[in-house]
Every structure is written in C-alpha cells, then in structure tokens.
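Written out below as structure tokens is the structure these notes cover.
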Amino acid sequence: MRFSLSARKPFSLRSVVDSHGWRDLAPFRYDAERPALFYVDQLSNGHVIEYQITESPGGVALETARLGNAEKAEASDRLTWMLGLDMDFSAFHRAARGEPKLAHVRRTARGRVLRSPTLYEDVVKTILTTNTLWAATKRMNWNLIQRFGSRLPGSEKRAFPSAAAVASAARRILREKIRVGYRAEALHQLARRVSSGKLDLEALKHSDMPTTQLRDELLKIRGVGPYAAANLLQIIGRADFIPIDTWALKLVSHEWYRGRAVTPAQVEKRFARWGEFKGLAFWFWNWDYQG
DNA sequence: GGTAGACCTGGACGC
DNA sequence: GCGTCCAGGTCTACC
C-alpha cells in the first residue's frame, strides 16, 4: 500500500538521510539511484514490514505491505519520529543566519538527524560506534540483526532485534558470535533492563527534563560516556552538547588551530556561543577539512 | 578533578 | 601466514 505523510517546512529527505551514518546501518538501506530510503520494521503486533520512503510534495511518500488501520497509525507514528517530520528548526535557522559557515542550513533544510523508531535501537547502535572503526560498527550491527532480528516474510532481510531477544542470549554469544567484544556486558545489561521495564528509554524521547538531567540519565547506561550521551541527545532533539570524538577533534584542529592537537575543552569553547544549538552548529558546520 | 591503562576487534603493515 | 601495531570511547583505579 502507498500513503504519504506531511512534514513541517523546510524539509528535505536527502538532508535527513545525509545527517549521519545511520543510513548505512541495517535495517536502514539507502538507494541513491532512485533515490529512496528503506527500513525493515517490526510493529508491536510482531508484523515485519519494509518501508520504501521517497520525498513527495510537502513530505514523504511511503510504500509498504498492506496494513490494517491500527498498523498504519503505528507505522505513521514511527516514521514521523524517525524522520523528525514534525520538528521545528526555525529558531536554529534564525540564529544561524549571520554565520557564513551555517548560511546553508535553512536553504538545505538542515537540523533533523535520522533516527531509529526506538531509542533502544539508537542506544545500541551508538554503543556499537564507540571505540571502534566504522566498518566494525557495521559488522557488529549486521551480526546482531542476522542472529536475533525477525525475518521479513519472503525475504532474507531482518528487522532490528527487540531488547527481549538480545536479553535472552548468553553474553558469550554476543562476544563470540556477534563479535562485540567487551561491549557484550553493556549490551546485555541494557537489553535486560529495557525488556524487564526497569529502564523506560521511550519515555526519554518526549521528556521535559532539562537537558543536563537527561544527559545524566543517559550516562547511567553502561557503555554510554560523554560522546555517546551527546550523540543520543542530538538524536532526541537536544543540541546543548557536542559529540566529541577523535574526528571532531580533528575537524576543530584544522578549522582553527592549523592542525595542532586540541582538547575537548577547546571544541566546547569554539561553539559555546551557540548555547542550545551547540550540537546543531557543530553538526552542520561547513568544515574546511574533509579528511 | 585529572590521568593512565585496560578493554577488544579487525585492518594495515613488515617479515 | 604470522606477529605486531594502531585506532577507536568508556570505565576504573589511582593520585
């Protein structure tokens, strides 16, 4: 079936897709030729479906299997969250107006970052990005899905596994088969806490807690440090912190310090004036250094 | 509060 | 083919 969802203007599907590496992490897939974003999702009734998402006038067009009314409503809610269709970035765009390095943000509809339907999935993926190379992140994520994800009918594709599915696995399997190494304990503990209801990550998505408090909650999760917390806050829609990894240090080093080594404090200082838009300013800055 | 070292995988490199 | 080195954040122990 085909249906469409409207987006708050300005909106560009390409800008959302290009916002970070999530588009290359299964069950996301991006076909630049069409162009279309694909995602294999498992609805709350267990039904596994795949969305084909393309840009359409005023928002996005969805192509998926035939859905009942409740399923369609659930899919619409999930897609609205994933693409940030109802998010408003006008204040950021106004603030960025006088900065040449951010002059493009309104024209290119920057601000949204691609996110998974559940915060659980984004926390897992963020933990898989820490202390490793991108190729290994993709492999660990792929292994996790292949081992524990539910299969899309008539296809080899699989949805991202539920917390319960990961919680039921032995840590040894995570370490030896999924190849997540020392992250096994963090992933297993997270899956256990989420599936048992002890940790309600979904509530954090729409919480009115101050960002610093929200950050403290995220830092309580084993495997989530300052970088991962900032990344997750950005995904939730809070941009008060910068996800400072080695790449961020390199970008700032070349932008302002002629390639000399810099500290996280120097990165913070450079973007301090952006306040609640700090993360967005950093994320969408038109960097000189391309690597 | 700051710092050093361990954690673990996989790719690059030298032999 | 094997061994060694290195990159990548978080956590913990220690000062």
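Order of the sequence lines fixes the chain letters, A, B, ..., with proteins taken first and strands second; residue numbering starts at 1 for each chain.
Within 4.0 Å of A:Ile221, counting heavy atoms only, lie sugar-phosphate atoms of the nucleic acid but no base atom. Note on A:Val224: only backbone sugar-phosphate atoms sit closer than 4.0 angstrom, heavy atoms only; bases stay farther off. A:Ala135 comes within contact range of no nucleotide atom at all, as no heavy-atom separation falls under 4.0 Å.
The side chain of A:Arg175 places no N or O atom within less than 4.0 Å of a non-bridging phosphate oxygen (OP1 or OP2) of B:dC7. At C:dT10, none of the side-chain N or O atoms of A:Arg183 fall inside 4.0 Å of OP1 or OP2 (strictly under the cut-off). The side chain of A:Thr132 contributes no N or O atom lying less than 4.0 Å from OP1 or OP2 of B:dT9.
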### Task
I would like to know whether A:Met209 and A:Leu204 meet side-chain contact (heavy atoms from CB on, under 4.5 Å); could you show each step before the answer?
CA-CA 8 Å; A:Met209 268 186 232; A:Leu204 299 184; 4.0 Å; yes
### Task
Take A:Thr132 and A:Arg183 through the test side-chain contact (heavy atoms from CB on, under 4.5 Å) and record every step on the way to the result.
CA-CA 11 Å; A:Thr132 193; A:Arg183 299 171 195 82; 3.4 Å; yes
### Task
Take A:Trp285 and A:Glu255, measure what side-chain hydrogen bond (donor to acceptor under 3.5 Å, both in side chains) needs, and give me the verdict at the end.
CA-CA 10 Å; A:Trp285 197 258; A:Glu255 188 83 4; 3.2 Å; yes
### Message
Pair A:Trp22, A:Asp122 - check side-chain hydrogen bond (donor to acceptor under 3.5 Å, both in side chains), show working.
### Response
CA-CA 9 Å; A:Trp22 261 211; A:Asp122 280 334; 2.5 Å; yes
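Atom NZ of A:Lys250 and atom C1' of C:dG8 are 11 Å apart (whole Å). Rounded to whole angstrom, the span from the CH2 atom of A:Trp142 across to the P atom of B:dT9 amounts to 21 Å. The separation between A:Asn131 atom CG and C:dG9 atom P is 7 Å, rounded to whole Å. Here the C1' atom of nucleotide C:dC11 and the CG atom of A:Leu219 are 12 Å apart, to the nearest Å. Put simply, CE on A:Met140 is 14 Å from P on C:dG8, counting in whole angstrom units. The distance from atom OH of A:Tyr182 to atom C1' of B:dT9 is 9 Å, rounded to the nearest whole Å. The separation between A:Lys220 atom NZ and C:dC11 atom P is 14 Å, rounded to whole Å. Note: CD (A:Glu176) to C1' (B:dT9) measures 14 Å, nearest angstrom.
Using modelled atom types, one finds a donor on one side chain and an acceptor on the other under 3.5 Å when comparing A:Asp41 with A:Tyr51.
With C:dG9, C:dT10, C:dA7 as the choices, the nucleotide that has an atom nearest any side-chain atom of A:Leu133 turns out to be C:dA7. Side chain of A:Ala228, nearest nucleotide from C:dC11, C:dG9, C:dT10: C:dT10. In the set C:dC11, C:dT10, B:dG10, B:dG10 carries the atom at the smallest distance from any side-chain atom of A:Arg139. Residue A:Tyr227 places its side chain closer to C:dT10 than to any other of C:dG8, C:dT10, B:dG10.
Aromatic rings from A:Trp274 and A:Phe282 are positioned such that their centres are separated by 6.0 Å or more.
Here the rule is ring-ring contact (aromatic ring centres under 6.0 Å, His included) with A:His254, and of A:Tyr289, A:Trp247, A:Trp287 only A:Tyr289 fits it.
Axis angle between the ends of the helix from B:dG1-C:dC15 to B:dC15-C:dG1, five pairs each and rounded to 10 degrees, works out to 40°.
A salt bridge links A:Asp18 to A:Arg23: one of the charged nitrogens lies within less than 4.0 Å of a carboxylate oxygen.
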